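Each remark here refers to the structure printed beneath this line.
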Amino acid sequence: MKAGGNKSSWVKRGHPTQLPKAHIDWVTYPITRFVKLEASAGLVLLFSTLLALALANSAWSESFAAVWHTSVGINIGAFVFERSLHSWVNDAAMTLFFFLIALELKRELVLGELRQPRLAMLSISAALGGMLFPALVYLLLQFGEPGQHGWGTVMATDTAFVIGCLALLGPRIPRSLRIFMLSLAVVDDIGAIMVVAIGYGSETHWLPIGLAVLGLLLIRLIGLLGVRSMPLFFLSGGLVWLAVDASGIHPTVTGVALGLMAPTNKWVTDDRLHTIMDCVVAYPPGDHWSGDTPGRRVLKTAEAAAREALSPVERLEMLLHPWVGFVVMPLFALANAGVQLSDTTFTSSLVMAVFLGLVFGKPVGILLFSWLAVKLRIAVLPRDLSWRLILGGGALAGIGFTMAFFIAELAYSPAQIQSVKLAILLASVASALFGLILLRFFTPSAVERPAPPTGMPQGLLDRRPTEANDDEI
């Protein structure tokens, strides 16, 4: 609640309703502000990409490449579990990325605005078009060629860069387009990881698959029993990851499965939380908060209640967003974006296939499938979302970057990978510029965001930290 009903007193730092200030706030406050900006993760990702490109084309290129080929793991007698640092980033760290993507999708479908089936079908249909049509364009240009197997490279959208580009346009962009694009990118990435599991896995071993299924069932069981220990769930998820890794299926699939299994229901209702907090307020100031006293027990109960008033999906998102946005994704860019420009050609058929698949195939596929879904009455177009805006958003979806690099590492030979990475970089830059120009032209004046109906969740984007609550640290 806002003290005295005055919003300014709530947001003012140092007010009694805020935590006490400390000298370290001079350091943590600017960092917290930066982390809460929508575009900051995209900026860090862009910086990491440029740094990787600079190092790969510098005098330190060999040393930079050697770092990522360093073997890391456990080697005890006959037991050896090792892989390169590059593989740890792509196989293990990226599992957290897909876990977060699956969490976002589930929460938006269950708690957000996509719980409306026909509205959800617009994003799902657009994502299907954004996967199938680019793959068709690619195959038409590479059918029978050595690069034919890389069709999955042009199917995905980079969520961080797309949201960063939309943030650059500020209030010009209607909220419905932001939700549409974020939902599309999430579904797109889920589809891409399914493509990885089916199209780019190795030989399948059924015993580890059976163990992984048993592990998932065990996680579901302990959840139903009311166990709410996050460390226990992460430990169980790690064991499932090891089983999937041994099965021949790409282990990042584990992140998707676990994310979709996360509960969306709260353990403590709002009414119960307010009742518990009223008990804390009822205790007058004094020394009864120390020791095993009723006041101390009420305070501990209030602490647990405040934590459990959020669903596990929401808590996990809040926990993982900074780690994925500011650690996992920059590491991935450093490990994969180091293209040696002197060793690549700009005019090969492979470069053109990837470039056209992303820059041309993405917007056309998204617009076409969205239009078909609306015409067939399986989806509905929001009032403030026009076909021109969908075309502009579809152009931004051609920023494949993260997932495109991810699939390229699995799909291409060492002789092809540098050219493909160059094509992905060129296509991502072209798609960003094309999409920003279109959206800037189609939205000549700032768009007023409509307030959501009473009782309706704010949606995925509004649950993310923004500048509106910069002072709440």
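Since this is a predicted model, take the numbers as computed values, not measurements.
Considering OG of S311 and CD of E317, their distance stands at 8.0 Å, rounded to 0.5 Å. Rounding to the nearest 0.5 angstrom, the gap separating the CD atom in E104 from the CZ atom in F99 is 11.5 Å. With rounding to the nearest 0.5 Å, the separation of CZ in R107 from CG in L316 is 11.5 Å. Between atom CZ of residue R315 and atom NZ of residue K266 there is a gap of 13.0 Å, rounded to the nearest 0.5 Å. Rounding to the nearest 0.5 Å gives a distance of 10.5 Å between CG of L50 and CG of L334. Rounded to the nearest 0.5 Å, atoms CD1 (I173) and CG (L439) are 4.5 Å apart.
Looking at every heavy atom in both residues, S370 comes nearest to F180 through OG-CZ, 4.1 Å. Of all heavy-atom pairs spanning G361 and V137, the tightest one is CA-CG2, 4.3 Å. Nearest heavy atom pair, residue A212 against residue V244, reads CB-CG2, 3.7 Å. Across all their heavy atoms, A395 and P363 have their closest contact at N-CB, 3.7 Å. Nearest heavy-atom pair across L358 and A156 is CD2-O, 4.3 Å. Considering every non-hydrogen atom in both S125 and F369, the closest pair reads O-CB, 3.2 Å.
Side-chain contact check for Y138 versus L350: some heavy-atom pair is nearer than 4.5 Å. Two residues are said to be in side-chain contact when any heavy atoms from C-beta on lie closer than 4.5 Å; L103 and E314 fail this criterion. Proximity of F233 to I222: side-chain heavy atoms (C-beta onward) are separated by under 4.5 Å at one or more points. Contact of the D188 side chain with the M403 side chain is not registered, since no non-hydrogen atoms from C-beta on lie closer than 4.5 Å. No side-chain heavy atom of V162 sits less than 4.5 Å from a side-chain heavy atom of L184. By the 4.5 Å heavy-atom criterion applied to side chains, L385 and L122 are counted as neighbours. L258 is listed as a side-chain neighbour of L216, based on a closest heavy-atom distance under 4.5 Å. The closest side-chain heavy-atom distance from W151 to V195 is below 4.5 Å.
The number of heavy-atom neighbours closer than 6.0 Å to CZ of F234, taken from other residues, nucleotides and ligands shown, is above 12.
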(message) One pair to check against side-chain contact (heavy atoms from CB on, under 4.5 Å): W241 and D245. What are the steps and the verdict?
(response) CA-CA 6 Å; W241 184 91; D245 184 47; 4.2 Å; yes

(request) Kindly determine whether L433 and V429 satisfy side-chain contact (heavy atoms from CB on, under 4.5 Å), including the steps that lead there. (result) CA-CA 6 Å; L433 293 175; V429 172; 4.1 Å; yes

(request) Begin from the C-alpha positions of F401 and L425 and carry the test side-chain contact (heavy atoms from CB on, under 4.5 Å) through to its verdict. (result) CA-CA 7 Å; F401 198 75; L425 288 173; 3.8 Å; yes

(request) Go through the steps for L119 and I179 under the test side-chain contact (heavy atoms from CB on, under 4.5 Å), then give the verdict. (result) CA-CA 10 Å; L119 189 58; I179 294 175; over 6 Å; no

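Under the side chain to side chain donor-acceptor pair (under 3.5 Å) criterion, D91 pairs with R83, H250, not counting sequence neighbours. Listed by chain and residue number, nothing satisfies the salt bridge (charged side-chain N to carboxylate O under 4.0 Å, His left out) test with R118 (two or more places apart in sequence, or in another chain). Residues forming a side chain to side chain donor-acceptor pair (under 3.5 Å) with N336 (at least two apart in sequence, or on another chain): H86, N90. S123 is linked by a side chain to side chain donor-acceptor pair (under 3.5 Å) to nothing, counting only residues two or more places apart in sequence or in another chain. Residues satisfying the salt bridge (charged side-chain N to carboxylate O under 4.0 Å, His left out) test with D189, not counting sequence neighbours, are none. Take K106 and apply the salt bridge (charged side-chain N to carboxylate O under 4.0 Å, His left out) test, not counting sequence neighbours, and it matches no residue.
Panel note: side chain K362, backbone G394; no donor-acceptor pair is recorded below 3.5 Å. Between the side chain of S431 and the main chain of S428, no donor-acceptor pair closer than 3.5 Å is present. Of the possible polar contacts, one joining the D158 side chain to the T402 backbone as a donor-acceptor pair under 3.5 Å is found. Under the 3.5 Å distance criterion, the side-chain polar atoms of T157 are matched with a main-chain donor or acceptor of A397. Under the 3.5 Å distance criterion, the side-chain polar atoms of S48 are matched with a main-chain donor or acceptor of V44. The backbone N or O of Q340 lies less than 3.5 Å from a partner atom in the side chain of Q418, making a donor-acceptor pair.
Ring centroids of F406 and F97 are separated by 6.0 Å or more, keeping the two rings apart.
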